[in-house]
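From a predicted model like this one, the values you see are computed outputs, not experimental measurements.
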Amino acid sequence: MPAPSITFAGLPSGARTAIEAEIGSILRVEDVSTGLNSSLSALAHTADGAVFLKGLRADHRWVWTQQREADINPYVTPLAPRLLFHVIACGWDLLGFEAIEGHHADYAPGSLDLPKVTEALRELSSLPCPDIELRHAEQRLAGYVADPADAKAFAGNALLHTDWNNHNVLITHDRAHLVDWGWATRGAAWLDPAHWIIWLITAGHTPASAEALAARLPAWASAPPRAVDAFALASANLWAGIAGTAPDEWTRSLLAAARLWQRHRSDRS
């Protein structure tokens, strides 16, 4: 269930004042389409440049993801945009990031963005997992595997982003930037390439060609085939749960991709 959206003008005046206290007078604001995990998503333009704003009500069940993003940011820049402030005011939890001028990654076969995304995955795999509170992959996926013991294969000490929605990857002239770290996780290093595979299939890749792209990443080499099979099944079950009985077009396409990959893994067994 997406977080209910709000415009910048719809924030309480005290919350807007708190933001200006951090970044200076706001000259104009562009409200942008929100993702699933935040209510406020806007670009605030000041005399010193643009700042990307995101926020949730302080009583929202996902508000912990705001703190997660704040905690992890020092460890993932410059792969991620730099956090400029984190304030809680008038019932709102608000983050401000340096604005990145780029386009959302295109995952389609043959896209020129794919090498930059691959490099971002490689860069992320080289970062140490910080000693901060993070969810654990084996716990997040335990309810979706065929046998609870299968989830043990997802454990590890790698830092994972886990949400490879192409809207979370901004492409500039020289690199890919990864945003929206609220669901960062500790787990096996091969899991991020595995998460990416489902988005690649959604964008038009076959399961085999998506796996071939993942295989370019050193982390993928550590993936035991049976563990990948278990993850593919868990992903299909996860997206079935998200889709429910009346999925929208977006969730329907991701569920179809996850099921296609799971069948591909099953046919190879």
Side-chain angles (χ1 to χ4, degrees), residues 3 5-11 15-56 58 62-89 92-106 113 115-130 132 134 159-184 192:
S5 62
I6 189 172
T7 64
F8 179 80
L11 288 174
R16 299 195 304 270
T17 298
I19 291 172
E20 288 196 299
E22 297 289 339
I23 63 175
S25 296
I26 296 175
L27 305 177
R28 63 185 178 90
V29 174
E30 297 175 59
D31 291 302
V32 298
S33 298
T34 61
L36 297 179
N37 299 326
S38 61
S39 293
L40 174 70
S41 182
L43 276 174
H45 296 268
T46 73
D48 294 325
V51 177
F52 179 73
L53 307 174
K54 65 183 298 186
L56 282 170
W62 290 340
V63 73
W64 61 268
T65 63
Q66 295 277 108
Q67 187 62 52
R68 184 64 41 80
E69 289 210 61
D71 290 343
I72 204 168
N73 188 260
Y75 303 96
V76 295
T77 53
L79 179 58
R82 183 168 59 92
L83 178 68
L84 302 177
F85 71 84
H86 180 205
V87 297
I88 300 172
W92 279 86
D93 192 299
L94 304 159
L95 299 170
F97 294 91
E98 62 180 353
I100 300 294
E101 291 188 16
H103 63 268
H104 297 305
D106 178 3
D113 294 344
K116 291 179 180 178
V117 180
T118 302
E119 184 56 36
L121 275 153
R122 185 177 290 110
E123 183 178 350
L124 175 55
S125 70
S126 71
L127 297 179
C129 193
I132 61 174
L134 291 171
L159 173 61
L160 309 172
H161 183 279
T162 75
D163 189 358
W164 288 87
N165 183 335
N166 67 303
H167 281 195
N168 290 338
V169 185
L170 296 176
I171 305 295
T172 59
H173 72 282
D174 61 340
R175 62 172 300 147
H177 300 263
L178 193 52
V179 303
D180 201 352
W181 288 81
W183 293 90
D192 259 346

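One finds the CG atom of L43 at 11.0 Å from the CD1 atom of I26 (value rounded to the nearest 0.5 Å). The structure places CD of E69 at 8.5 Å from OG of S38, a figure rounded to the nearest 0.5 Å. Taking CD1 from I72 and OG1 from T65, the interatomic distance works out to 12.0 Å, rounded to the nearest 0.5 Å. For the atom pair CG of L56 and CH2 of W62, the computed distance is 8.5 Å after rounding to the nearest 0.5 Å. If you take CG on L53 and CG on L95, they are separated by 9.5 Å, rounding to the nearest 0.5 Å. In this structure, I171 CD1 and H104 NE2 are separated by 11.0 Å, a value rounded to the nearest 0.5 Å.
Nearest heavy atom pair, residue V29 against residue A42, reads CG1-CB, 3.9 Å. Closest of all the heavy-atom pairs between L94 and G55 is CD2-CA, 4.1 Å. Of all the heavy atoms in A44 and I23, the pair that sits closest is CB-CD1, 4.1 Å. Nearest heavy atom pair, residue A18 against residue A89, reads CB-CB, 3.7 Å. Nearest heavy-atom pair, V63 versus A58, reported as atom, atom and distance to 0.1 Å: CG1-O, 3.7 Å. Nearest heavy-atom pair across T7 and L40 is C-CD1, 4.0 Å.
The closest donor-acceptor contact from the side chain of D106 to the backbone of D113 lies at 3.5 Å or more, if one exists at all. Side chain of R175 to main chain of A120: no donor-acceptor pair is present (N/O by atom type, distance under 3.5 Å, no hydrogens or angles). Counting only distance, with no hydrogens or angles, the side chain of T162 and the backbone of W183 share a donor-acceptor pair below 3.5 Å. Remark: the backbone N or O of F8 is paired with a side-chain donor or acceptor of D31 at under 3.5 angstrom.
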- Task: Could you go through the side-chain contact (heavy atoms from CB on, under 4.5 Å) check for I100 and V179 one step at a time?
- Result: CA-CA 10 Å; I100 300 294; V179 303; 5.6 Å; no
- Verdict with supporting geometry, L124 and L159, side-chain contact (heavy atoms from CB on, under 4.5 Å): CA-CA 7 Å; L124 175 55; L159 173 61; 4.0 Å; yes
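The ring pair (Phe, Tyr, Trp, His ring centres under 6.0 Å) check on W181 picks up H161, with sequence neighbours excluded. Legend: residues meeting side-chain hydrogen bond (donor to acceptor under 3.5 Å, both in side chains) with W164, ordered by chain and number and at least two apart, are D192.
Using a 4.5 Å cut-off on side-chain heavy atoms (C-beta onward), D180 and H167 make no contact.
Note on E119 versus K116: no salt bridge recorded, every NZ/NE/NH1/NH2 to OD/OE distance being 4.0 Å or above.
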For residues 74-86, which side-chain donor-acceptor pairs fall under 3.5 Å, sequence neighbours excluded?
residue: H86; atom: NE2; partner: D93; partner atom: OD1; Å: 2.8
residue: H86; atom: NE2; partner: D93; partner atom: OD2; Å: 3.4

